[in-house]
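Before any comments, here is the structure.
Basis for what follows: all heavy atoms, side chains included, without hydrogens, waters or symmetry-related copies. The shown structure was predicted, so the numbers you read here are calculated from the model rather than taken from an experiment.
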Amino acid sequence: MRSHGYQHLRMLRVVVLALLALPQATVSLKLREVSVPAVVIKGDDVWLNCTYDLEKETLYSIKWHKNNVEFYRYIPADNPPGQKYELDGIHIDLTRSSEGNIYMPTTDVNSEGIYRCEVSSEAPIFRTVKGEREMRIYVNPSTKPQILGTKPHYGIGETVNLKCQSAPSRPAAVLKWLINGLEVEPRSNKLRRPPDVEYPAGLFTSTLELTFPATHDHFIDGKMTVQCEAIISQAHTLRSEEITITNSTRASAATSSDMDTMKDGPKISGGKHEYQVGETVDVNCTASKSQPPAELHWYINDKEVRPDYLVPRPPITYPNGEESTVLGLRFEVKSRHFQKSEMRLRCTATLSEVKKMTSEPLEVEIAQQQRSDLHVDQVNAESVHGRSTASGVSIHITKSLLIALALLPWL
């Protein structure tokens, strides 16, 4: 009897272990999507949406954080179930918010940050899944950039010293100069970039100085046109799933992020779930198609990788002109790459929407005494008249020259 009871306990133990070994994903809490607008113009309203699937579990709580600080929680057992906490940049309308979906009727520069949603199930499992997204706040310039320090006329060899200044914006505008419609090379020694000025409201003013000696080549029909352009790149970053790689079969299996799908984020392909020191990791990150193409970055344990780890790959092009950027990551595994027997790989894709504001065209003229190509040794009224008409340039003759012309017949 004792032997039979012992065998029964052994069989029960095997059954329990087998049940524990079943994939939890089939019966456990899942985070479907965390939706946060990537770029928001200051003052606009936003929705923050956290979508999950409880499967057979019971919801315990939903929490929202900004930059690791909690500002909202939803606990069905509480009364009221939804509560908000004061935090700079967070403006929640509880009457329009429900469970994991939050409505913010307005935003300010302090609303910028990393937003994380955490969903937890009830006892006895107490499982928590989470996902995060970045939101950036933009403020477009209220006016076109201004050109300062101009004069109406410049002589050949005279120094042109101009300053372009952008209206306050967030982020700071990138400025460039154009002379007669042609851009001045960004690395030209004609340019100088003073530091941006930051205001208490979180806005920035950019300045770009242009200095060069005027030459004949700068003037077309006696005139030179200069313009300044302010560029606001509304960039936002999408994150790939985070891949966890182990260096031991005894460590936990390789996992990805809690979210089932990252529809718009870049995808990681290639590689293995387990690497040993000395082996080579060779993986690719592929961005979703876009125009302009996305800019990709690789991270190991949340630290951006060294440039020599990167392997540029040809982009994938589509008939409509869009592209999918591809960036490889290749390196030899070192012991320093593992933290508690795990190495986490992540890729991000940055998309930019460029907005341009150009100053009014400014025309300056060559100094009056240098506008004519007339050079004479013997002054003759008829020749002066002929050359002025041919050149299309109005020549102002000085009083002394008129007297000299009047005396010519008597000489």
Legend entry - Any donor-acceptor N or O pair under 3.5 Å, side chains Ser324, Tyr318: yes
Legend entry - Pairwise side-chain contact, Met104 with Asp45, heavy-atom cut-off 4.5 Å (strictly under): no
Inset, instruction - Tell me yes or no: between the side chains of Ser61 and Tyr74, is some donor less than 3.5 Å from an acceptor? - result: no
Inset, instruction - Could you check Asp308 against Arg306 for salt bridge (Lys or Arg N to Asp or Glu O under 4.0 Å), going step by step and ending with a plain yes or no? - result: CA-CA 6 Å; Asp308 56 305; Arg306 292 163 27 181; 2.8 Å; yes
Legend entry - Side chain to side chain, Phe219 and Thr225, heavy atoms closer than 4.5 Å: no
Legend entry - is_close_aromatic(Phe212, His218), centroid dist under 6.0 Å: yes
Legend entry - Gap separating the CG atom of Asp108 from the CG atom of Asp44, nearest 0.5 angstrom: 12.0 Å
Legend entry - Over 12 non-hydrogen atoms of neighbours within 6.0 angstrom of CZ in Arg330: no
Legend entry - Check: Thr128/Ser120 side-chain N/O donor and acceptor closer than 3.5 Å: yes
Legend entry - Minimum heavy-atom distance between Gly113 and Asn67, given as atom pair plus value: CA-OD1, 3.5 Å
Inset, instruction - Measure the spacing between OG1 of Thr143 and CD of Gln165 and express it to the nearest 0.5 Å. - result: 10.0 Å
Inset, instruction - Kindly say whether Ser269 contributes a backbone atom to a donor-acceptor pair with the side chain of Asn284 at under 3.5 angstrom? - result: no
Legend entry - Audit row: Asp282, Arg313, salt bridge (Lys or Arg N to Asp or Glu O under 4.0 Å) steps and yes/no: CA-CA 12 Å; Asp282 192 353; Arg313 307 285 192 196; 3.4 Å; yes
Inset, instruction - Locate the shortest heavy-atom distance separating Ala230 from Ala173; write the atom from each residue and the value. - result: CB-CB, 4.0 Å
Legend entry - Sidechain-backbone polar pair: Asp93 side chain, Tyr103 backbone, donor-acceptor under 3.5 Å: no
Inset, instruction - Run the numbers on Tyr60 and Leu29 for side-chain contact (heavy atoms from CB on, under 4.5 Å), then give the verdict. - result: CA-CA 11 Å; Tyr60 171 69; Leu29 172 66; over 6 Å; no
Inset, instruction - Report the C-alpha distance between Val40 and Ser111 in whole Å, list the side-chain angles of each, state the deciding distance to 0.1 Å, and finish with yes or no for side-chain contact (heavy atoms from CB on, under 4.5 Å). - result: CA-CA 9 Å; Val40 176; Ser111 304; over 6 Å; no
Inset, instruction - Given side-chain contact (heavy atoms from CB on, under 4.5 Å), test Arg73 with Tyr85 step by step and report yes or no. - result: CA-CA 9 Å; Arg73 68 170 56 183; Tyr85 305 98; 3.2 Å; yes
Legend entry - Atom pair NZ/CD of Lys30 and Glu55 - distance to nearest 0.5 Å: 5.0 Å
Legend entry - Check: Ser97 side chain, Ile102 main-chain N or O, donor-acceptor pair, under 3.5 Å: no
Legend entry - Any residue meeting side chain to side chain contact (heavy atoms under 4.5 Å, CB included) with Glu304, in chain and number order, not counting sequence neighbours: His297, Tyr299
Legend entry - Shortest non-hydrogen contact between Pro186 and Leu191, atoms and distance: O-CD1, 3.8 Å
Inset, instruction - Locate the shortest heavy-atom distance separating Ala172 from Phe204; write the atom from each residue and the value. - result: CB-CB, 3.6 Å
Legend entry - Pairing residues for Glu122 by the salt bridge (Lys or Arg N to Asp or Glu O under 4.0 Å) criterion, not counting sequence neighbours: none
Inset, instruction - Name the orientation class of the two ring planes belonging to Phe331 and Tyr309 (parallel below 30°, tilted from 30 to 60°, perpendicular beyond 60°). - result: parallel
Inset, instruction - Please check if any side-chain donor atom of Asp217 sits under 3.5 Å from a side-chain acceptor atom of Thr215, or the reverse. - result: no
Inset, instruction - Output yes when a side-chain donor or acceptor of Ser169 lies under 3.5 Å from a complementary backbone atom of Pro171, and no otherwise. - result: yes
Legend entry - Test item: Val333 and Phe338 side chains (from C-beta on) under 4.5 Å apart, heavy atoms: yes
Legend entry - Backbone N/O of Leu208 and side chain of Trp177: donor-acceptor pair under 3.5 Å: yes
Legend entry - Lys66 NZ/CZ over Phe71 ring centroid, <6.0 Å and within 45° of normal: no
Legend entry - Greater than 12 external heavy atoms within 6.0 Å of Glu185's CD: no
Inset, instruction - Establish, for the pair Lys272 and Tyr275, whether the NZ or CZ atom is under 6.0 angstrom from the six-membered ring centre and no further than 45 degrees off its axis. - result: yes
Inset, instruction - Would you confirm whether Glu132, through its side chain, and Tyr115, through its main-chain N or O, come within 3.5 Å as a donor-acceptor pair? - result: no
Inset, instruction - Test the Arg32-Tyr52 pair against the cation-pi criterion, namely NZ or CZ under 6.0 angstrom from the six-membered ring centroid and within 45° of the ring axis. - result: no
Legend entry - Thr348 side chain reached by Arg346 side chain, heavy atoms, under 4.5 Å: yes
Inset, instruction - Can you see which heavy atom on Ala294 is nearest to which on Ala287, and at what distance? - result: CB-CB, 3.9 Å
Inset, instruction - Let me know which of Ile179, Val184, Thr150 forms a side-chain contact (heavy atoms from CB on, under 4.5 Å) with Val226. - result: Ile179
Inset, instruction - Apply side-chain contact (heavy atoms from CB on, under 4.5 Å) to the pair Glu198 and Leu203, showing each step before the final yes or no. - result: CA-CA 6 Å; Glu198 182 176 3; Leu203 305 184; over 6 Å; no
Inset, instruction - Taking the side chain as every heavy atom from C-beta outward, state whether Cys228 and Leu175 have any atom pair closer than 4.5 Å. - result: yes
Inset, instruction - From the options Val305, Leu296, Thr286, select the one residue that forms a side-chain contact (heavy atoms from CB on, under 4.5 Å) with Cys347. - result: Leu296
Inset, instruction - For residues Met224 and Val160, report the shortest heavy-atom separation together with the two atoms involved. - result: CE-CG2, 4.3 Å
Inset, instruction - Mind checking salt bridge (Lys or Arg N to Asp or Glu O under 4.0 Å) for Glu332 and listing every partner two or more places apart, or none if nothing turns up? - result: Lys334
Inset, instruction - Using atom types as modelled and distance alone, determine if a side-chain donor or acceptor of Arg133 lies under 3.5 Å from a backbone N or O of Val34. - result: yes
Inset, instruction - Say whether, by atom type as modelled, one donor and one acceptor occur between the side chain of Asp78 and the main chain of Pro80 under 3.5 angstrom. - result: no
Inset, instruction - Starting at CD of Glu183, measure out to CG of Leu178 and round the result to the nearest 0.5 Å. - result: 6.0 Å
Inset, instruction - Determine, for Glu112 against Arg170, whether the closest basic-nitrogen to carboxylate-oxygen distance falls under 4.0 angstrom. - result: yes
Inset, instruction - Starting at CG of Leu59, measure out to CD1 of Ile75 and round the result to the nearest 0.5 Å. - result: 9.5 Å
Legend entry - Test log, rule salt bridge (Lys or Arg N to Asp or Glu O under 4.0 Å), inputs Arg116 and Glu118: CA-CA 7 Å; Arg116 183 175 74 248; Glu118 295 182 357; 2.9 Å; yes
Inset, instruction - Please confirm whether the backbone N or O of Arg344 pairs with a side-chain atom of Asn301, one donor and one acceptor, at under 3.5 Å? - result: yes
Legend entry - Point-to-point distance, once rounded to the nearest 0.5 Å, from CD of Glu70 to NZ of Lys63: 5.0 Å
